[in-house]
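Written out below as structure tokens is the structure these notes cover.
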There are 2 protein chains.
Amino acid sequence: MTLAQLRYLVAIADAGLNITLAAERVHATQPGLSKQLRQLEDELGFQLFVRKGKSLDAVTRAGEQVLERARTILAEAANIRAIAANLRQETSGELRIATTHTQARFALPAAIGALNLRYPEVSVHLQPGRDGEVLAQLDEDRADIAVISTVGAPPATGIALPAYRWQRVILVPQGHPLGASGKPPSLEDLAALPLVSYDSSLRDDSSLRRAFEAVGLRPQIAMTAGDADLIKTYVRAGLGIGVLAEMALLDSDTDLNPLPADHLFAQCTTWIVLRRETVLREYVLEFIARFAPHLDRRDVSRALTADATPIEWPAAPHWRERTAG
Amino acid sequence: MTLAQLRYLVAIADAGLNITLAAERVHATQPGLSKQLRQLEDELGFQLFVRKGKSLDAVTRAGEQVLERARTILAEAANIRAIAANLRQETSGELRIATTHTQARFALPAAIGALNLRYPEVSVHLQPGRDGEVLAQLDEDRADIAVISTVGAPPATGIALPAYRWQRVILVPQGHPLGASGKPPSLEDLAALPLVSYDSSLRDDSSLRRAFEAVGLRPQIAMTAGDADLIKTYVRAGLGIGVLAEMALLDSDTDLNPLPADHLFAQCTTWIVLRRETVLREYVLEFIARFAPHLDRRDVSRALTADATPIEWPAAPHWRERTAG
DNA sequence: CGCGTTTACGTCGTTCGTAACGATA
DNA sequence: TATCGTTACGAACGACGTAAACGCG
């Protein structure tokens, strides 16, 4: 059993049992992986994969067990390398951030910009996805950190650090009667109008739906879109009034009128989620410090090793205040 | 970085930074380890050990970090091999039990005998030690399981499975007045007499001492010994009356008179302690099943992976009942 | 002077890539 | 027939052991 064999093993599993594809990903040849896999199976004395003809068809039950162990071995090996790289003060590397579109488009640019200034040799990869996918990417070691929002409690998987809190806003075209009245809209007002919001608001457990249902109303969702830019586009087109994250407001959106919705919807929290027992590169800590300045570097390190006390909120930085600072 | 390098690394650390000794233990040559260690340090880019002249003097701070990770890597590699060995139904191997003398001498023989009958190719190593040492041995991967007793809660480190419960007994020579009265002795009776008990009863936190202190008495400990056989010897010699574990009573002790002490001292529990995240060989499960028959094999496996619900007591098997069965 | 580490060197095993072959849809 | 996995072979690397030199107490 060698580290290379284990690396090949998980590469094959992650490539959907396609050895050729796995070989490309690990920068090796297909016969090499094939042979190493066979040798590993010979040494262990059982099949890791079920063969159908020559192809791999499935992972055996025992293979799953081995895969799980192999993953933690490789993760710890990566940790050792990270310790070394930090000690050597290496400034190059990569940062894979799994996140949703809203975060990537509106919340992250400032922090990523600052990171790039301080560590120009670090290449950042934004990996968009829905909430579930984002956490899965982190879990499967396909991302280094995840940035994700919830309405209430932190996500269950991984270690969640609170980054910031935000509210939703109502977005109407300039001159729309809802904005003209001068007083903030009520849920009844909104229920009477066609809404444009995120795709996720179609889900039964979406916080938007639940806010309406809590008072016995049913929102009329005219259309949904994957990102805020699209929502704004359709609000402009008059398809309906928008409900979206306040971060999505830009100074250039002068033709749109944002109305507060703090009193209608629960506050949201954006979290930085990390894998347990992971050694972070210096520049990742730097990124976290930029993105969530209230998090002490030592808090982050401590949260990673032990299941320590949850991080407490600071004097609640609000989004607008943060960007102003 | 290779698995061999990591293995050498922890071997050197465990050998007290003596490379030659470490080389013997891993069945390799000293120059081999020396070179591999250097190569690992070169690859990582920093010193794992502090050199004093040519010798290794200490582990560096970063070295400690790496060592910890290396240990879990090796443990997981061992787990993979254990999965394989179990699947192949291998019947040979070793079982290293870290435990105290009382357990080794009186409680374990039956289970070890049964294990040897079923798995004659398994070599059992009993590794005696005091309570703290026993758990340390388990923690440092120098034992596969630990068997240890406490008065109240289970030991904090590792996963503790309750094995059985027992009481202490008072042991006096035949014809001693304490046994002649016919009624069980009181703490006052005992406090007036010289006692012979385990070395551990000298500790301030010993349960023997605390039982007396709880009622404002101070026991008069005439002498202590490391094991029950010695205690019995000195009770026979008339040095005092014995206080020891009921398991230590043998049918052949006809010249000694055991008096119940259930009403004087708190009940003790003997635990089987395992390391977290460890794959046990089949024969270890077999041993556990023999030693603590009320533990379901699946309970054991489940307890190892997750921090699951603690095992509950069955219809409280008492020591005497168990040996009778 | 002995113990322990490093350096030097030769051998052996192993891995890896290239190329050809085979099976499967 | 195209795709994917296996077999075969040769070259290169690397690990290991033996033997000798070096430092230190």
Side-chain angles (χ1 to χ4, degrees), chain A residues 1-60 63 66-67 70 73-74 77 80-81 84, chain B residues 1-60 63 66-67 70 73-74 77 80-81 84:
Chain A
M1 180 174 6
T2 68
L3 284 177
Q5 285 172 345
L6 299 178
R7 196 160 72 93
Y8 293 167
L9 171 63
V10 317
I12 291 171
D14 287 347
L17 278 49
N18 181 330
I19 301 186
T20 306
L21 176 57
E24 284 172 20
R25 293 203 184 152
V26 298
H27 306 295
T29 61
Q30 180 275 322
L33 269 73
S34 230
K35 190 162 194 181
Q36 291 303 311
L37 172 61
R38 172 170 298 282
Q39 288 197 6
L40 179 58
E41 287 183 326
D42 286 352
E43 180 182 339
L44 296 181
F46 62 89
Q47 303 271 102
L48 292 163
F49 297 101
V50 181
R51 265 58 170 197
K52 179 193 260 180
K54 287 196 163 185
S55 300
L56 307 184
D57 190 44
V59 182
T60 63
V66 173
L67 263 170
I73 287 177
L74 295 176
I80 290 177
R81 279 185 266 265
Chain B
M1 178 171 17
T2 68
L3 284 177
Q5 285 171 346
L6 298 179
R7 189 159 138 264
Y8 293 167
L9 171 64
V10 318
I12 291 171
D14 287 348
L17 278 48
N18 181 329
I19 301 185
T20 305
L21 175 58
E24 284 171 19
R25 292 202 185 153
V26 298
H27 305 296
T29 61
Q30 180 274 324
L33 268 73
S34 229
K35 190 162 192 181
Q36 290 304 310
L37 173 61
R38 171 171 299 280
Q39 288 197 6
L40 180 58
E41 287 183 326
D42 286 350
E43 179 182 340
L44 296 182
F46 61 90
Q47 303 271 101
L48 292 164
F49 297 101
V50 181
R51 264 67 168 191
K52 180 192 264 178
K54 288 195 164 185
S55 300
L56 307 184
D57 190 46
V59 183
T60 62
V66 174
L67 263 170
I73 288 177
L74 294 176
I80 290 177
R81 279 185 266 265

Distance check needed: [N] [atom2] versus [X] [atom1], whole Å only.
X       : N      : atom1 : atom2 : value
B:Gln30 : D:dA15 : CD    : C1'   : 15 Å
B:Glu24 : C:dG4  : CD    : P     : 9 Å
B:Leu56 : C:dT5  : CG    : C1'   : 9 Å

**Report entry** 4.5 Å side-chain heavy-atom contact, A:Arg25 and A:Leu21
**Finding:**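 Side-chain contact under 4.5 Å: yes.
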Query raised in the report: Got A:Thr2 and B:Thr2 here, is their nearest side-chain heavy-atom distance under 4.5 Å?
Result: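 The answer is no, as the side chains (C-beta and beyond) never meet within the 4.5 Å cut-off.
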Requested in this report: Give the nucleotide from the list D:dG23, D:dT7, D:dG17 with an atom nearest to the side chain of B:Lys54.
Outcome: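 So the nucleotide nearest the side chain must be D:dG23.
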Report task. Return the nearest nucleotide to the side chain of B:Ser55; candidates are D:dC9, C:dT6, C:dT5. Result ->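 Selected nucleotide (nearest to the side chain): C:dT5.
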Presence of [X] side-chain N/O under 4.0 Å of [N] phosphate oxygens OP1/OP2:
X       : N      : result
A:Asn18 : D:dT3  : no
A:Tyr8  : C:dC16 : yes
A:Thr20 : D:dG5  : yes

Query raised in the report: Any donor and acceptor pair, going by atom type alone, linking the side chain of A:Gln30 with main-chain N or O of A:Ala23 inside 3.5 Å?
Result: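 Between the backbone of A:Ala23 and the side chain of A:Gln30 there is no qualifying donor-acceptor contact (under 3.5 Å).
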Report task. Step by step, work out the side chain to side chain contact (heavy atoms under 4.5 Å, CB included) result for A:Leu37 and A:Leu56. Result -> CA-CA 11 Å; A:Leu37 172 61; A:Leu56 307 184; 4.3 Å; yes
**Report entry** A:Thr2 vs A:Lys52, nearer the 5' end of DNA chain C by closest nucleotide
**Finding:**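 Here A:Thr2 is the residue nearer the 5' end.
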Query raised in the report: Reckon A:Leu17 touches a base, only the sugar-phosphate, or nothing at all at heavy-atom distances under 4.0 Å?
Result: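 Answer is sugar-phosphate: A:Leu17 comes under 4.0 Å of backbone atoms only.
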